[in-house]
Amino acid sequence: MTIDDAVAAAPETSYPSSVRRTALMLLGSIAFVVAGAWMLVLHSSLKMDVGGAIGVPFFGLAAIVLANRLVRRAPELVINGVGIVHFRYGSIPWSEVDHVTVRHVNTRASTQRFIELVLRDPAGYLAQAPRSARMQAAANRPFGYGPVQISTTTLPVPLEEVLATMHRHNPQLQFRA
């Protein structure tokens with residue numbers, strides 16, 4: 001048995017959404033919906049009206065997505081010897097992945113890290129990708145990000161463990177800074 005055969009035969013690693021983290025994000029989204037609605041009801045200034053008009057639908061949609069994650073107990077991310085299966089991006093074989101990098105988004109209070117799969121043929125992937133993946137890719141493109149960004153915020157394990165699992169299932173996978 002070769003190393004490639006052993007890797008392909010290894011059991012897959014499945015990561016469900018972290019119930020605690022997802023529930024906290026859901027509560028935060030609901031709080032922002034309530035705050036936005038309160039701003040709309042107050043009508044005290046144009047800034048509050050605009051903030052409420054943007055906040056209610058944005059955080060309302062986020063609350064729906066997060067509630068769906070809590071109800072749907074399917075894995076958020078599955079990694080195996082063939083590739084990954086992500087709830088948003090669908091199935092991506094390792095043969096399509098050129099390399100993996102960790103990206104950072106800095107905010108005032110913290111730094112959000114996420115995994116970027118740099119694809120060999122991004123246009124080819126997007127042609128067959130789920131609609132939600134195409135929409136997210138279009139939103140990320142102006143900021144210099146590729147089509148596949150995997151956040152570990154709602155996973156029950158840290159980013160480093162996901163990277164180690166990717167390497168375990170595909171030892172030839174390249175990681176770049």
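As the structure is a computational prediction, the values presented were derived from the model and not from experiment.
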Residue pair Thr107, Gln112: steps toward the side chain to side chain contact (heavy atoms under 4.5 Å, CB included) verdict:
CA-CA 8 Å; Thr107 63; Gln112 174 71 35; 6.0 Å; no
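- Considering all non-hydrogen atoms of both residues, Phe114 and Ile150 come closest at CB-O, 3.4 Å.
- Between the Arg134 side chain and the Ala129 main chain, a donor and an acceptor come within less than 3.5 Å of each other.
- Interatomic distance, His167 NE2 to Ile79 CD1, rounded to the nearest 0.5 Å: 13.0 Å.
- Residues Ile84 and Leu117 are in side-chain contact: their nearest non-hydrogen atoms beyond the backbone lie under 4.5 Å apart.
- Side-chain atoms of Trp94 come within 3.5 Å of backbone N or O of Asn80 as a donor-acceptor pair.
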Set out, in order, the CA-CA distance, both residues' side-chain angles and the distance that settles salt bridge (charged side-chain N to carboxylate O under 4.0 Å, His left out) for Glu160 and Arg113, then state yes or no.
CA-CA 10 Å; Glu160 290 78 15; Arg113 298 181 318 149; 2.5 Å; yes
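- When atom types are taken as modelled, the side chain of Glu116 and the backbone of Val148 share no donor-acceptor pair closer than 3.5 angstrom.
- Follow the hydrophobic side-chain contacts under 4.5 Å out from Val85 and you never reach Leu126; the two are in separate clusters.
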Report, one line per pair, each donor and acceptor closer than 3.5 Å where one atom sits in a side chain of residues 57-72; sequence neighbours left out.
| unit_1 | atom_1 | unit_2 | atom_2 | d |
| --- | --- | --- | --- | --- |
| Arg69 | NH1 | Thr154 | OG1 | 2.9 |
| Arg72 | NH1 | Ala74 | O | 3.2 |

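- Taking the ring-ring contact (aromatic ring centres under 6.0 Å, His included) definition, one finds that Tyr15 meets it with nothing, sequence neighbours left out.
- Contact between Glu161 and Val157 at its shortest, heavy atoms only, is OE2-CG1, 3.4 Å.
- Of the listed residues (Thr13, Val100, Leu77), just one forms a side-chain contact (heavy atoms from CB on, under 4.5 Å) with Val162, and that residue is Leu77.
- Considering every non-hydrogen atom in both Asn140 and Gly146, the closest pair reads CB-O, 4.4 Å.
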Could you walk me through whether Ser14 and Glu76 pass the side chain to side chain contact (heavy atoms under 4.5 Å, CB included) test, one step at a time?
CA-CA 8 Å; Ser14 179; Glu76 187 167 327; over 6 Å; no
Could you list the donor-acceptor pairs under 3.5 angstrom formed between side-chain atoms of residues 21-42 and any protein atom two or more places apart in sequence or on another chain?
| unit_1 | atom_1 | unit_2 | atom_2 | d |
| --- | --- | --- | --- | --- |
| Arg21 | NH1 | Thr152 | O | 3.4 |
| Arg21 | NH1 | Thr153 | O | 3.3 |
| Arg21 | NH1 | Leu155 | O | 2.7 |
| Thr22 | OG1 | Ser18 | O | 2.7 |
| Ser29 | OG | Met25 | O | 3.1 |

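- Between the side chain of Gln136 and the backbone N or O of Ala133 there is no donor-acceptor pair closer than 3.5 Å.
- Side-chain contact between His99 and Phe175 is absent, with no heavy-atom pair separated by less than 4.5 Å.
- For the pair Leu163 and Val102, the minimum side-chain heavy-atom distance is below 4.5 Å.
- Side-chain contact between Pro75 and Phe87: absent, with no pair of heavy atoms (C-beta onward) separated by less than 4.5 Å.
- Under the 4.5 Å side-chain heavy-atom criterion for grouping Ile, Leu, Val, Met, Phe, Trp and Tyr, Tyr89 is not connected to Val118 through any hydrophobic cluster.
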Evaluate salt bridge (charged side-chain N to carboxylate O under 4.0 Å, His left out) for Glu96 paired with Arg120, printing each intermediate quantity in order.
CA-CA 6 Å; Glu96 294 294 320; Arg120 297 180 200 287; over 6 Å; no
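- Under the 4.5 Å side-chain criterion, counting only non-hydrogen atoms from C-beta, Asn170 is not in contact with Val97.
- Of the possible donor and acceptor atoms, one in the side chain of Thr101 sits under 3.5 Å from a partner among the backbone N and O of Arg176.
- Atoms NE2 and OG, on His86 and Ser151 in that order, are 8.0 Å from each other to the nearest 0.5 Å.
- Residues His169 and Pro11 approach most closely at CE1-O, 2.9 Å, considering heavy atoms.
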